[in-house]
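A quick write-up on the structure given underneath.
Letters A, B, ... mirror the listed sequences (proteins, then strands); counts begin at 1.
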Number of protein chains: 2
Amino acid sequence: MREYYSITELTREFDISTRTLRFYEDEGLVQPVRRGRTRLFRPSDRHLIRQIMRGKRLGFSINEIREIIQMYREPPGEVGQLKLMIKRIEEKREDLRQKRRDLEETLAELDQAEESCVERLVELGVNT
Amino acid sequence: MREYYSITELTREFDISTRTLRFYEDEGLVQPVRRGRTRLFRPSDRHLIRQIMRGKRLGFSINEIREIIQMYREPPGEVGQLKLMIKRIEEKREDLRQKRRDLEETLAELDQAEESCVERLVELGVNT
DNA sequence: CACGCGATTTACGTAAAAGTCAATCGAGCA
DNA sequence: TGCTCGATTGACTTTTACGTAAATCGCGTG
């Protein structure tokens, strides 16, 4: 496990720009340490970036991603906070289950669309 | 099956604004017919809106949604176009499969996060 | 017919998520 | 010391997906 990653290493790995990583830092999503002014990203930051990219692919906004990331952290110590956290986690999970239904429906429709295309090709006598 | 829906009916059903529906019309996603200047949405438009909302929840842009919707239409008549269409459909499906992996991973992590919270509650001796 | 009310059009505004550009910095090295 | 090259900072710009406001239209009702 590497100790530090440079900003350009990570931009290449995740195919994003330096501007994007700095934006995520401004937004408090990652907190690279500094040597002078240069950012040094640790494995934990790298892991966070991976989670951010996942969230982006699923269509979550930066704020939603921030909320999700907070859920992965150590549970709070106070009972009220804990119960609130559990409620929020359950809400996010319901959100994801809706996305899953949307996803399966879309996949099914695309399957059908492809089948129609293949059928049409067969009709046209194309050697598949 | 109703013949026509008014714009406000649909804004209520899908919880979106009239501006949004007009925007989708400008973008060519729906094509309501007109009585005078008033838009009349048909069941097919309503179905399209349902598909648009699904796409939005999955984080697709308007352009991507437009592409997906085109895939649902009648297959093209020309062989080259058909093959191209099949290729595009396969790409979109790979996209969706990635989203599904992202989704399952996120759900798993949220499951774990909730479990941690519940454990913590038990430690604190809270009657669940 | 006047009125109210929903719908339309036109145009400008805005928030989110970066992109872009210019100036600057600092570390290594020849 | 001068140079290069990657990194940083700050400011401004852009794109997407609508929001909002103002003026207008037209239809049904009293």
Rounded off to whole Å, could you give me the CZ-to-P distance for the A:F23 and C:dG19 pair?
-> 10 Å
From CG of B:D26 across to C1' of C:dT8 the rounded distance in Å is 12 Å
Residues A:R22 and A:T18: side-chain donor-acceptor under 3.5 angstrom | yes
Between the two ends of the helix from C:dC1-D:dG30 to C:dA30-D:dT1, what is the bend in degrees, rounded to 10 degrees, where each end axis spans five pairs?
-> 10°
Distance-minimising heavy-atom pair for A:I16 and A:I49 | CD1-CG2, 4.4 Å
So, is A:T20 near the phosphate of C:dG19, with a side-chain N or O under 4.0 Å from OP1 or OP2?
-> yes
Cluster link B:L110 to A:I86, ILVMFWY, side chain under 4.5 Å = no
Ignoring hydrogens and angles, state whether a donor on the side chain of A:T11 or A:T8 is under 3.5 Å from an acceptor on the partner side chain.
-> no
Once you round it to whole Å, what is the distance between C1' of D:dA17 and CG of B:L29?
-> 12 Å
Step through the shown structure and confirm whether more than 12 heavy atoms of other residues, nucleotides or ligands are within 6.0 Å of CZ on A:R34.
-> yes
Walking DNA chain D from its 5' end, the first of B:F60 and B:G36 to be reached, judged by nearest nucleotide, is B:F60
State plainly whether the residues A:R93 and B:E114 are in salt-bridge range, i.e. N to O under 4.0 Å.
-> yes
Send over the distance from B:Y24 OH to D:dA17 C1', rounded to a whole Å.
-> 8 Å
Are the side chain of B:R42 and the backbone of B:Q31 linked by a donor-acceptor contact shorter than 3.5 Å?
-> yes
Got more than 12 heavy atoms from elsewhere within 6.0 Å of CD, B:Q112?
-> no
If a protein heavy atom is under 4.0 Å from the base, mark B; if only from the sugar-phosphate, S; if neither, -; do that for nucleotides 4-10 of chain D going 5' to 3'.
-> ---SBB-
Name every residue in residues 47-57 of chain B that has at least one heavy atom under 4.0 Å from any atom of DNA chain C, in order of residue number, or write none if there are no such residues.
-> none
Whether over 12 other heavy atoms sit under 6.0 Å from B:E94 CD | yes
Partner of B:D102 by side chain to side chain donor-acceptor pair (under 3.5 Å), out of A:R57, A:K56, A:Q51 | A:R57
Between C:dA18 atom C1' and A:L21 atom CG, what is the distance in whole Å?
-> 12 Å
For atom CZ of A:R35 and atom C1' of C:dA27, their distance in whole Å = 10 Å
Look at atom CG of B:D15 and say whether more than 12 heavy atoms of other residues, nucleotides or ligands are closer to it than 6.0 Å.
-> no
